Every structure is written in C-alpha cells, then in structure tokens.
Number of protein chains: 2
Amino acid sequence: MKDVHKISTDSDGLLFDPQARTALAQFIGGDDTLAMEAAAAVRTASHAIERMRAQGSENRGLSSGTLDVLLRLSTSPDGMTIGDLAKSAGVSSRNVTGLVDTLERDGLVQRAPAPHDRRSVLARITPAGQEWIENWRRPTQLAMGAIFRDFTPADLAQLRHLCLRLADNHHKLTEYLNGAR
Amino acid sequence: MKDVHKISTDSDGLLFDPQARTALAQFIGGDDTLAMEAAAAVRTASHAIERMRAQGSENRGLSSGTLDVLLRLSTSPDGMTIGDLAKSAGVSSRNVTGLVDTLERDGLVQRAPAPHDRRSVLARITPAGQEWIENWRRPTQLAMGAIFRDFTPADLAQLRHLCLRLADNHHKLTEYLNGAR
DNA sequence: GAGATTTTATGTACGTCCTTCATGATGAAG
DNA sequence: CTTCATCATGAAGGACGTACATAAAATCTC
C-alpha cells in the first residue's frame, strides 16, 4: 500500500498538506493559498470527526443530521419549531421535516401543535430521546478524547474560536445577502 | 424571526456557542466539554465552508465529493488508481467508482488501464477538467476570501495546523485499529 | 507450475441527506 | 374581506455513502 496520507511540517513548525499546497499554488500562485488550505483542512478534520463519531459511538441508527436535530432539541425542553430548527442548523426546512420524521418514527421526538401559531409544529424531545443521548454520551466522549489526543485546553479553545469566527462570518454574509435581496 | 444564531465571548475573549455548551455541560459536567465543543465547532465551520463554496462558486454541477476527486487528480498528471483515490480521500472504493463515473460522464476525467496492474484503473484528468478547475478557481478564491475575512495569515496557518493535527490523530487511530485487526 | 487466496474495480441494492417546486392551512397587512 | 407572506409538508429527484456479490487479475503456497 502506497502511503497516500502525507502531512509535512512547514518552516514555522506547523502542519500542512503538501499535495493540497501544490495543487492550489499551481492555480493561485501566491500567498492566497492560505485560505484555501485552511478550508481544505477544515473539511478534512470534519470528515475525521464524522467518521470517528460514526464508528466510535456504535451509532445506534442515528446519523449526523438527525443527531444534530436531537442535540438541539435536548437543550430546549419546550421544543422548537421546524423553522427554527432549520434556521439554527442552516438547512432547508423541508429537510428538517424529514429528520424529525425519522426521529419521531424512532420515538425520540414528538410533534405537538405550537401554542402561538397554528401553522407551526413544535418538535419536542421525549424521555426516550433523553435516554438515547445519555447512552450516546459516554462512547462519544471517549471518541472525541481520542481524536483530540495531545490537544491542550488552549488548543481546543483556539480551534473552537477560529471555527466559530468562520461560522460567524458566514452568518453575517448570508444575512447581508438576504437583506440585499 | 427569532435570532437562533447566537455566539458569545468567554472570559478569555474567545468565541463559544452557549447553546452547545449548556447542552454538553448538562451531560458531561466538567472541562471535558472542550473537546465536544471543538468538534461541534469544526462541524459548523465545515458546513459554512461547504455552503459558501456551493453558492459562491456558482457550482457548475460538481458537488463536494466529485470536486474532491477532481482536485486530487489535478495534482497528479499521471493519474491515480481508484484504490489510491479511495485511500487518500478516506472513503470506500465503491464510492470513488461512482464519483469517477460522474466525472467521466461530464468529460472531466478519463479512465485508462493501469500499466503495472491490469486489474487497476487509472483515472486521469482531461484538458476539460483542467479548464473546469481554472474557471472554478477565481470565484472560489473570492468566496474563501470572504468567509475568512479578518483572519490573519497566522490565524489561517493555525487553523490549518489544528485541523491537520486532528486528521493526523484520526489517521493514526485507524491505522492502529486496522493493524490490531 | 497448479490451485487457493487476496486484491481491484464494479454491479446490485439500499439508506440518508439535501434540494426545488407545488400546495393547503394559517397569519398578517391593506 | 382580499391579498400577500409564512409554515409545514407532499412529490420528485440528485448525490453521497454503505454492504454484499462477482469477475478478472495478481500473489502466495504447495
């Protein structure tokens, strides 16, 4: 097996992916590769986390989209409407409808009419859903601990900070674009 | 519209997501939330990048998986086998077969027999594929520049570094697991 | 060398995520 | 009251990704 997975260290002692860098430098030809490299690295990291979560937590039938919804619901005991879930997750509301469908089929979430707006539907987590999360917690914690081995608390906070700055930029951008529409 | 997108600043001046933190602290109850928070942030950031790329680059019919393959091929003019592509992308080879199918249907990639192993299939980028990337370059560069607004070069390098450390950990973990099998 | 095992790509079948467009019900504004 | 906007969902489809089975070729074992 050829070793396709290569990561090198640059002059500042930071990791980079040589293949990605040459691929990008070829087209951009300057220091602008930095943003593209960072984007590629984020994508790679996200994949790694996703795979880790899938295999490490034994993944009792729930996939990333539904898990995302379930976690959001677990923080709001009064439930959230489909639309709010869609906005906070950044996906279409039609999609959330489907995700809530599967969660409701599994008994982890329940639909209820919204009190203030009869068009809306409240999704609320059930005791079974809480229990599911309780069981999910431990293995996932272990998996995350493994994949973040050797990260100091400062590293973790820094990574979180940079990623959320990025998400914040994106949020402002779409807000601006929607406002201009 | 309720503002579902909330990001706060912690005592160190770093961003964090209050909803995620309370959701996690409730189950873990300690400083171990850091790893989970970081993982959630990476996922959010990856989503943001994905959406930015999809809408910003006008996305002429190519999606993230196929784009990933095409970029890898663009760095190796001699082509890569399906298996190597699968290993470097971290997905199943069957999946890569499908991605190469769509790329070949679009004329961006060509299959050829591998010289050293008649079972293998070389995927090689075509001139049309090179041109596609050439057209893709500029808008994507702009989109990445926008989403990484206010990031210093050091920030970008740091983000890349942390993400690749994470990917490296994951790589070692799976290697270890496969080796122990 | 001959046969058994492994590797490589792909066919088949399936599940999930996500999208756009259309629609019925409801709310809000004039 | 009429008109327009919003909410959730039905219908249809595309793309990604998996597991299992299979044919062809390479490699190992005797």
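Since this is a predicted model, take the numbers as computed values, not measurements.
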Nearest-Å distance, CG (B/Leu99) to P (D/dC16)?
-> 5 Å
Could you tell me the separation between the CG atom of A/Leu67 and the P atom of C/dT16, rounded to a whole number of Å?
-> 15 Å
Between B/Leu159 and A/Leu159, is any pair of side-chain heavy atoms under 4.5 Å apart?
-> yes
Please name the pair of heavy atoms, one in B/Ser76 and one in B/Met80, separated by the smallest distance, quoted to 0.1 Å.
-> OG-CG, 3.3 Å
Taking C/dC17, D/dA15, C/dT19 as options, the one with an atom nearest any side-chain atom of B/Arg105 is D/dA15
Residue pair A/Ser120/B/Gly65 against DNA chain D: nearer the 5' end by closest nucleotide is A/Ser120
Should A/Thr66 be listed as having a side-chain N or O under 4.0 Å from OP1 or OP2 of C/dC17?
-> yes
Length of the CD1-C1' vector between A/Ile82 and D/dG10, whole Å | 14 Å
Kindly check if the number of other-residue, nucleotide or ligand heavy atoms within 6.0 Å of CD (A/Glu104) is above 12?
-> yes
Using distance only, find each side-chain donor-acceptor pair of residues 94-101 of chain A under 3.5 Å and give its atom names and separation, not counting sequence neighbours.
residue: A/Thr97; atom: OG1; partner: A/Ser93; partner atom: O; Å: 3.2
residue: A/Asp101; atom: OD1; partner: A/Arg111; partner atom: NH1; Å: 3.1
residue: A/Asp101; atom: OD1; partner: A/Arg111; partner atom: NH2; Å: 3.0

Non-hydrogen atoms of A/Asp68 and A/Ala89 that approach each other most closely | OD2-CB, 3.8 Å
Residues 143-151 of chain A, side-chain donor-acceptor partners within the protein, below 3.5 Å, at least two apart:
none

Would you kindly give the CG-to-P distance between A/Asp101 and C/dC18, to the nearest whole Å?
-> 14 Å
Base-contact (B) and sugar-phosphate-only (S) positions in nucleotides 20-30 of chain C, heavy-atom cut-off under 4.0 Å, - elsewhere | B----BBS---
Hey, does the side chain of A/Asp117 reach the backbone of A/Arg119 with a donor-acceptor pair shorter than 3.5 angstrom?
-> yes
Protein-nucleotide distance (A/Leu103, atom CG; D/dT9, atom P), rounded to Å | 13 Å
Using whole Å, report how far CG of B/Asp84 lies from C1' of C/dT7.
-> 13 Å
Length of the line joining A/Leu85:CG and D/dC7:P, which is rounded to integer Å = 13 Å
At under 4.0 Å between heavy atoms, what does A/Thr97 touch on the DNA or RNA strands: base, sugar-phosphate, or nothing?
-> base
In whole Å, what is the span from the CZ atom of B/Arg111 to the P atom of C/dA9?
-> 10 Å
